[in-house]
2 protein chains.
Amino acid sequence: MPLGERGGWDKSESRYCGVETDFDNGMPHLLSYNLSTGGFDFVVATLMDPAYRPSLVERDASGGSNVLPFAASDLVLSPSQWSSHVVGKISSWIDLDSEDETLRMDSEITLKQEIAWAMHLSLQACLLPSPKGTSCANYARCVNQILQGLNNMQLWLRIPLVKTDDDSMDSNQLVSLITSPDAQILPLKNVSYISSWILVFPPWSHHEYHIGLQLTYFIDSWELWNSFRLLCEHHGQLSIALNVLSSLPSANSLGRWFGEPVRAAIINTDSFLTNARGHPCLSRRHQKLITGFFNHSIQIVISGQSVHSLPGGSLDSAANHTVNNVDNAQRHPLRPYLDYVAYMYQRMDPLPEQERFELGYRDFLQSPLQPLMDNLEAQTYETFEKDAVKYIQYQRAISKALQDRIPDEEVTSLTTVLMVVGAGRGPLVRAALQAAEETGRKLKVYAVEKNPNAVVTLHSLVRIEGWENEVTIVSCDMRFWDAPEKADILVSELLGSFGDNELSPECLDGAQRFLKEDGISIPSSYTSFIQPVTASKLHNDVKSHKDLVHFETAYVVKLHSVARLAPSQPVFTFTHPNFSTEKSNQRYKKLRFELPSDTGSAIVHGFAGYFDATLYKDVHLGIEPSTATPNMFSWFAIYFPLRTPVCIQPGSPLEVHFWRYCGSTKVWYEWCVLSPSPSPIHNSNGRSYWVGL
Amino acid sequence: MPLGERGGWDKSESRYCGVETDFDNGMPHLLSYNLSTGGFDFVVATLMDPAYRPSLVERDASGGSNVLPFAASDLVLSPSQWSSHVVGKISSWIDLDSEDETLRMDSEITLKQEIAWAMHLSLQACLLPSPKGTSCANYARCVNQILQGLNNMQLWLRIPLVKTDDDSMDSNQLVSLITSPDAQILPLKNVSYISSWILVFPPWSHHEYHIGLQLTYFIDSWELWNSFRLLCEHHGQLSIALNVLSSLPSANSLGRWFGEPVRAAIINTDSFLTNARGHPCLSRRHQKLITGFFNHSIQIVISGQSVHSLPGGSLDSAANHTVNNVDNAQRHPLRPYLDYVAYMYQRMDPLPEQERFELGYRDFLQSPLQPLMDNLEAQTYETFEKDAVKYIQYQRAISKALQDRIPDEEVTSLTTVLMVVGAGRGPLVRAALQAAEETGRKLKVYAVEKNPNAVVTLHSLVRIEGWENEVTIVSCDMRFWDAPEKADILVSELLGSFGDNELSPECLDGAQRFLKEDGISIPSSYTSFIQPVTASKLHNDVKSHKDLVHFETAYVVKLHSVARLAPSQPVFTFTHPNFSTEKSNQRYKKLRFELPSDTGSAIVHGFAGYFDATLYKDVHLGIEPSTATPNMFSWFAIYFPLRTPVCIQPGSPLEVHFWRYCGSTKVWYEWCVLSPSPSPIHNSNGRSYWVGL
């Protein structure tokens, strides 16, 4: 039963909540108990009898082995039950990086058998146990082999959500590493030195021992994931089940996971607090995290024993409760946890209409428009004209410019010549006339538009609105128009997501011939910005094309599942008008990003790009996250990919170089990383991506 | 005039010696003076008048610029003179990473104009000045643009051969960085902190000042090259002109350059010492380096003023001597330097015959044989049978085994059954019979061979030699042969360059059915080895295929232009016979390489692989460099590439994992790097490269 209904638009996977169970030969009962009694949507269930070990199987005379019936028949559930309600949980004892060769061999055989069984059952996903010990190479090698021949199934690698902060730790400090309920040991990459293994009986657990370690440095489970995924080459079917524990790493560190393919978050009952009425609840930081998961289509899975004693509940029963008689109507002991998660889900603010509209565009790569080379279609004009906020800003800017240009005492004697260059179907013409009316200034408008199809509509607009006396329509490319007089104000909306990327500089350089020397350009300047991001999904989408061209192309994209690793920084600025004779629209910029110290290591898949434009004086317009104009939807961000993702270590800066280059027929960007280690220069000579002049 | 004639086989580029000159409008004179009077083979000459600066050129009314005649006409030399005797030297003042934007722009325009001019002249190469300052990104970006549209011309990037050893330096120690004659400033990447710029007048220079720096760490010009080349993505036409200075870095550090595309070594006259007779000579370390250059087809270029006063010479004249009257028969002031270089060239030991034969195989990638799946050709047998050393080792091993097996007192009563499995055309049969004769043991030989074509020749051999009584020929795959009796000794030569890579383990596992329980296998064991290498040429050859398959294939190759970065380490060992029931020929090995601390940073393009085999007791056979059997030529090394070269920082180990994996129809390797950062797992499931069973 889904966690809640937020309206017809809510198709998020995170509506479904699962429960982790152990092996049970009576799968039909396990399913009905957890789904009907418990109210969960699916179970994460061990598929193979934990007693089965390949090396214990007797070999027959021929040297072959008898595969024991390690599980009940596939017939116990219907195919749709298997695929809709069961996530296979791979035996947690497997350890492919053990020093013990027999255990390693057993583990590999078991893993491959279980995955084969799960594929036979058409499960949608399998949960792989967390890597154990300091190395994961052999585990990753085996999973990578499996991934090469996998059907549609997803493999969820269980990763405990742990990052000890080295700032807060003394050397040799004892860190007890919390293990998951099935006693998985935490990954230890980046532990520079393990002093000793110790056994700890943590206060929150009554009957389990956990394994702890004496460490000299810090651990960061993200690094473990990163190694595993690099070894498996960002395979699209390898994803993450984050095991949320009672303490959480810093917000910056958590942020990295939102650029990763996290499919599930497993929350231990241990991680819940108890509210005044004895019910389970979560800390504020946990709540915020869970809300983040909901917003990123990450499914919650409840795991562990009930540790909250409630009327009607039972302390010692849990997800794999085996009471045969379900009819005793006993309440499922984990139901209170599910209820709390459902409460959190239902309590979320509904998405604003604009966000709902953009749901389908999230993390979907689009080629940027080429409005100069191509003519826009009516549909495109339609969409952009709806952006009221944008035109309000333009109207404000024009009003201010008119007032500066014409003193109040001359409003009747002077007429301002305003040219809209790139008038499209007329929204800026309307904004200009409204500004004139608002300020009481007399205005003569030229509407210059190169797209003859838009000009048709423009004529109709002028006729309908009765603007024939104020507005002159010019069907011409602004770069080549021979204007009959010079303008006081030049208004344009030629900006792309990255500011200059739709060639506003080149167009306005052409148009400023007919701007008076003291004339005003609206916008008067604009600056592009970039910031490094983790964006696994975008990386894989680019990679799926299997060519160089797509890795050297910038995309327009509604960024959602990305981790923004550092504040954005300005790249290129253009100012208009620019009457300098030395001017060039070529640009070169070095940037140096420092990640916040508590982020930990991170991977950079590419750069998110934005712009901010000064329309006139204090009236600005932009999508740079820290200063973005609210409720404006004309621009998504731009995304510049990196051919090879770059790993950043804490304290080591990321140095990036960006170029804007102008040829005789095209303009393009080149980019590269210099530090921590040099990348190839992307898009040399605009070989892959360019904007036509 | 070439430096010397070492025989018809000597086609090395390093026979030719050049001289660096400045700009001279009288190119015909410059050429005849340096070639005829000087005896050089080519000049490295500045092509453009150094007075020319693009920003000083007046623009005409149309906004275009008048390109001044920056050089004399192309007609001053014939096309073949230009291409055979002139390397273009790009103006050394250019600085594309200057903070001064005008200088940057001028530099880019000049660089592109000069390269265009050099292409127009069909020059074979241009010498690019060394990057200046701490960054080379914009220079690399511009060169990379040029490389995309270059004809066959090579670009030689001038790199000063400098690595200050951080061990030998105090913090804040003053390091005076020697500049090249045209006052190029040394690159400063990896200088973590520049305290101040200072001007130094070094004692070895009378009239030039040099620029020095106060540093807090160390510099390594290899890192500058590495950044530049990574930015240009290992482009095949970007190579190196090493500027050799008077002091040399450590041998380990120098070794790195032999894996790089060094085309020329520019030796400053400053770097020469003076011998007892007043003639220029080089230090022993310099001599060794120059000999290394000769062995790697690197051309020497003499640069600078004459600093050795010799009878008939003149102190103040040099390569761009402009005395118009050549007939004064004045000796070229740099001739003594050339004579010394020629003397060194001629003095080199001639190449051994085997090395001469293998010249054509140097750094040439070959697919490993698949002798199990395919039948070898007569030509292949012919080549391998010529390897006398190998069969002498086999004969020694068989002799020892026969003596151990049959005590002297039983030589007449007992007959040893020896089976040659994979007998080919019979060389091991001959070795076995010779061993029997040498030791006086009686021998019964079975020659088992699966290739029916080889069996034809084998029959002929037995008939010609009259071995009919001792030798039984069996035309059968050893894995499936039903032997009439069991063997005392099993002899095979199934080893590949990587030991087990031609499936010796699988073949001998099949054959040991007919070996007595106490029988002997020759070889009794073998081990593979790998070591990390820098191998730019191999990397580019693999890359030229533009696919994944070639990056996941091992190649047999006569390694020559490689830098071996660390001693090799053992990987997989197989022992025969192996009657264990638990045996598996799958293997997994973790390796950790540490580079010598004075190497500096390095790039790893892949791994060189070798084997060593114990034939019997102390008789071994192998190609592992530190223990290689001398004068054996049956095996070149094997090379495992990495898809993305890995950069190693000093003190940071390289962790590598190798797997040998066995399927039902094939055997393959997988490999990956874990540290410094994880690579993808190569050749998953043997998707790209495998050996058929």
Side-chain angles (χ1 to χ4, degrees), chain A residues 55 59 63 96-97 101-102 104-105 108 135-138 140-149 189 226-235 546 548 581-582 584 586 588 590 643-644 646-647 649 655-657 659 661 670-682 684-687, chain B residues 55 59 63 96-97 101-102 104-105 108 135-138 140-149 189 226-235 546 548 581-582 584 586 588 590 643-644 646-647 649 655-657 659 661 670-682 684-687:
Chain A
S55 60
R59 282 163 192 265
L96 279 102
D97 290 280
E101 192 178 344
T102 305
R104 226 161 58 209
M105 297 289 187
E108 179 158 354
S135 173
C136 66
N138 196 44
R141 191 265 315 149
C142 182
V143 168
N144 193 48
Q145 287 184 340
I146 292 167
L147 286 165
Q148 309 305 310
K189 184 149 183 309
N226 190 45
S227 291
F228 205 103
R229 144 285 277 300
L230 289 174
L231 290 165
C232 296
E233 218 180 330
H234 277 78
H235 198 287
K546 298 183 179 174
L548 177 66
T581 56
E582 293 291 304
S584 158
Q586 302 205 159
Y588 171 37
K590 268 186 252 196
R643 289 163 56 180
T644 304
V646 172
C647 293
Q649 300 301 314
E655 184 180 323
V656 187
H657 293 231
W659 290 267
Y661 218 91
E670 300 189 20
W671 62 98
C672 70
V673 168
L674 257 284
S675 293
S677 65
S679 73
I681 289 169
H682 288 57
S684 186
N685 285 324
R687 65 184 164 201
Chain B
S55 60
R59 283 162 193 266
L96 279 102
D97 291 280
E101 191 176 346
T102 306
R104 228 162 55 209
M105 295 290 189
E108 179 157 356
S135 173
C136 66
N138 196 44
R141 190 266 314 150
C142 183
V143 169
N144 193 47
Q145 287 183 339
I146 292 168
L147 285 165
Q148 309 305 309
K189 182 148 186 305
N226 190 46
S227 292
F228 205 103
R229 146 283 278 301
L230 288 173
L231 290 165
C232 295
E233 219 181 327
H234 277 78
H235 198 287
K546 297 182 179 173
L548 178 64
T581 55
E582 292 291 304
S584 157
Q586 302 206 158
Y588 172 37
K590 268 186 251 194
R643 290 163 55 180
T644 303
V646 172
C647 293
Q649 300 302 313
E655 184 179 323
V656 186
H657 293 232
W659 290 265
Y661 218 92
E670 301 189 20
W671 61 98
C672 70
V673 168
L674 257 285
S675 293
S677 65
S679 74
I681 289 170
H682 289 57
S684 187
N685 285 324
R687 64 184 165 201

Check each atom of [X] against the heavy atoms of chain A and say whether the ones under 4.5 Å are side chain, backbone, both or neither.
| X | value |
| --- | --- |
| B:Cys647 | neither |
| B:Arg229 | neither |
| B:Tyr661 | side chain |
| B:Ser679 | backbone |
| B:Glu670 | side chain |
| B:Lys590 | side chain |

Within this structure, what is the CZ-OG1 distance for the pair B:Arg643 and A:Thr644, rounded to the nearest 0.5 Å? 9.5 Å
In terms of heavy-atom pairs under 4.5 Å with chain B, which of A:Asn685, A:Leu230, A:Leu231 leads? A:Leu231
A:Glu233, A:Arg141, A:Arg104: which one forms the most heavy-atom pairs within less than 4.5 Å of chain B? A:Arg141
Nearest heavy-atom approach of B:Ala137 to A:Tyr588 is CB-OH, 3.9 Å
Below 4.5 Å, heavy-atom pairs only: which of B:Met105, B:Glu101, B:Gln148 has the largest tally toward chain A? B:Gln148
Top contributor to chain A contacts, counting heavy-atom pairs under 4.5 Å, from B:His234, B:Lys546, B:His682, B:His657: B:His657
